[in-house]
Student: 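Quick one: this structure, given as structure tokens, is what I'll be asking you about.
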Amino acid sequence: MVSAKTESSWIVLGLVSGEPVAAVLDTSAHEVERISPGQDALAGWIAEVEASRTVRWVWNDAPAWYPALLASGVRIARCHDLRLCHAILRDSALVEGAEELRAAVGWDAAPAGDARDASPTLFDLEDAAEPTGPPTGLDDVLAEFARQQAAIADSSDPGRLRLLIAAESAGALVAAELRAAGLPWDAAAHDRILTDILGSRPTAGGLPTRMQDAADRVRRELGDPGASLDSQPKLLRSLHRVGLLVESTSRWELAEHEHPVVAPLIEYKKLSRLLSANGWTWLEEWVDDGRFRPVYVPGGVVTGRWAAAGGGALQVPRQLRGAVRADPGWTLVVADVAQLEPRVLAAMSRDEQLAEAARGRDLYTGIVESGAVETRQQAKIALLGAMYGATTGESGRLVPRLRRIYPRAMALVDQAARVGEQGGVVTTWLGRSSPAPSSGWRATQLQASQVEASGADETRARRWARDRGRFTRNFVVQGTAAEWALAWLADLRGRLASLPAAGVPAPPSGPVFGRMPHLAFFLHDEIIVHTPAEHADAVADAVRGAAASAGRLLFGDFPIDFPLDLKIAQTAEKS
DNA sequence: TACTGGTGCGCG
DNA sequence: AAAGCGCGCACCAGTA
């Protein structure tokens with residue numbers, strides 16, 4: 001563990017009588033000065049301060065401040081995002097007295113800006129002028145910052161929590177910058193892919209030609225020209241009528257049966273999915289000016305992973321990766337981490353054997369070479385089963401073999417599961433804790449422990465306990481992997497900002513990135529950087545260097561590496 | 001005419 | 001009908 005770099009000072013932003021005011025704090029967090037640059041001059045003033053010294057900006061909520069700065073061409077290096085950090089600190093098991101944080105009013109709010117997406121009916125119920133998001137008043141913001149600083153200082157591990165809140169806050173900056181930059185998206189290439197797979201685009205309300213053809217073949221095999229293919233209950237009945245006695249209409253179950261309707265139906269479902277999820281309607285709605293701009297939601301998942309709202313940024317299908325295309329003179333650096341979660345597990349459990357299997361090679365191959373299992377596929381199934389809590393099937397059978405060879409790693413996830421089953425809280429490497437069990441969960445366990453409990457009560461309580469155990473088992477690994485990824489992003493962001501601008505034309509990403517390499521996509525363990533072609537090699541070095549730094553930041557000298565699959569190309573197509 | 005819950009499938 | 005975690009989204013059906 002390396003402790004977080006201490007900051008020279010903080011500048012806290014908040015509103016006073018509706019006007020932005022900056023409170024300048026010294027290194028002991030004492031207020032030394034208040035500045036009111038005025039709404040119109042705010043961005044320019046922040047840019048001046050950024051250029052002249054190292055500060056950490058403190059604000060209630062990045063979406064309330066940063067998009068406007070970016071639109072003015074101003075980026076900042078570091079911030080403390082009070083809304084995101086509040087959520088971490090109020091639940092962290094490392095924070096001993098979180099009562100004051102829990103009592104603070106308004107800091108559990110959804111991020112600012114959600115009201116724009118709210119439906120008109122919902123909006124009418126509320127006062128339309130009511131602000132969303134956490135408190136914006138300078139005094140409220142200063143008070144919350146003081147509470148958080150105290151919570152960290154009094155915690156059982158201030159060093160780790162400082163790393164976590166710095167990483168989380170950097171993520172808030174990255175998320176806003178990703179939206180401002182957008183992912184370069186070639187609408188014509190997208191259209192070609194759709195036409196290749198689905199057939200010609202329908203002119204009026206009909207289906208694309210290949211999809212219509214598949215539908216026709218399905219209906220012929222069903223012997224019913226009017227059969228409904230999009231209603232699950234109706235389709236199920238149609239299948240039963242022709243003797244296909246499936247219990248669901250899911251692809252994997254259909255595939256287990258020999259029947260002439262299976263092949264065309266699976267084809268129809270594939271095409272239908274592509275059309276409804278990422279068809280021409282999606283293209284028109286989400287791609288504008290050659291960019292796909294999803295809304296990223298940092299910390300949107302309990303484990304600390306990001307969520308996404310709108311556009312399905314977390315599920316861009318592989319089929320469409322070819323539509324991600326660099327601007328002329330630019331290129332993409334596409335990188336993902338190979339087997340991030342098991343590597344994180346090896347490091348946090350200090351399992352030297354698992355780290356050895358991972359070092360300098362494909363982790364699953366390393367497990368095969370250790371003799372635990374025979375094939376790479378078995379290694380993958382066994383390890384995923386261990387991290388997810390598989391108990392049956394091939395995965396459940398293979399897990400015990402890993403337990404013998406990697407006892408430390410397996411003990412960590414097994415312990416997390418035990419704690420969860422008993423209603424306890426588990427915590428990631430840097431200090432994000434799982435939510436406490438719901439009142440319904442606790443009531444169920446209590447009920448089953450009474451003498452008059454029925455067998456059904458006990459069965460249900462046991463099932464819920466095991467469900468929660470699988471959640472906490474995975475929480476520690478998924479959450480720590482998310483922390484590694486944030487550290488990677490944050491470090492990379494800094495490295496990219498220090499690269500020189502290039503002579504290529506500026507892309508239509510707004511003024512803020514101009515000719516600079518910039519992050520264009522992030523998804524759990526994968527990043528895409530859009531860069532002037534002349535900087536591609538330097539960017540690739542930065543991406544690798546940031547991964548190495550992230551590993552050291554979290555795990556110090558523990559011998560674990562985080563190898564990347566990295567390519568430099570015009571498109572993000574996976575080979 | 002909303003809404004909610006179930007189903008299915010895309011992503012890690 | 002997944003086994004085994006975490007998501008978001010589209011669509012349909014039943015309900016208010």
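Just the heavy atoms: all of them, side chains too, but no hydrogens, waters or symmetry mates, feed the values below. Just so it is clear: chains get the letters A, B, ... in the order the sequence lines come, proteins before strands, and each one is counted from 1.
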Student: Does OP1 or OP2 of C:dG4 have a side-chain N or O of A:Thr391 closer than 4.0 Å?
Tutor: yes
Student: How about A:Trp488 and A:Phe522: are their ring centroids closer than 6.0 Å?
Tutor: no
Student: Mind checking A:Arg251 for me? I need base, sugar-phosphate or nothing, with any heavy atom below 4.0 Å counting as a touch.
Tutor: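 Here A:Arg251 touches the backbone only, sparing every base.
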Student: Kindly indicate whether a cation-pi arrangement holds for A:Arg291 with A:Trp185, taking the cut-offs as under 6.0 Å to the six-membered ring centre and within 45° of the axis.
Tutor: no
Student: Under 4.0 Å, heavy atoms only, any strand: does A:Gly385 hit a base, just the sugar-phosphate, or nothing?
Tutor: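 Counting heavy atoms under 4.0 Å across all strands, no contact is made by A:Gly385.
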Student: So A:Gly300, base contact, sugar-phosphate only, or nothing? Heavy-atom distance under 4.0 Å.
Tutor: nothing
Student: When we call it a touch if two heavy atoms are under 4.0 Å apart, what does A:Val316 touch: a base, just sugar-phosphate, or nothing?
Tutor: sugar-phosphate
Student: Determine: side-chain N/O of A:Thr303 to OP1/OP2 of C:dC5, distance under 4.0 Å, yes or no.
Tutor: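 Looking at the OP1 and OP2 atoms of C:dC5, neither is under 4.0 Å from any side-chain N or O of A:Thr303.
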Student: Could you tell me whether A:Gly311 contacts a base, only the sugar-phosphate backbone, or nothing, with contacts defined as non-hydrogen atoms closer than 4.0 Å?
Tutor: sugar-phosphate
Student: Respond yes when some side-chain nitrogen or oxygen of A:Ser248 is under 4.0 Å from OP1 or OP2 of B:dT7, and no when none is.
Tutor: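 Answer no for this pair, as no side-chain N or O of A:Ser248 is under 4.0 Å from OP1 or OP2.
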Student: Please list residues of residues 258-287 of chain A whose heavy atoms come under 4.0 Å from any atom in DNA chain C, ordered by number; otherwise none.
Tutor: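 The answer is A:Arg273, A:Ser276.
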Student: With sugar-phosphate meaning primed atoms plus P, OP1 and OP2, does A:Trp252 contact a base, only sugar-phosphate, or nothing at under 4.0 Å between heavy atoms?
Tutor: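 The residue A:Trp252 makes base contact.
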Student: Are OP1 or OP2 of C:dC5 and a side-chain N or O of A:Arg470 less than 4.0 angstrom apart?
Tutor: yes
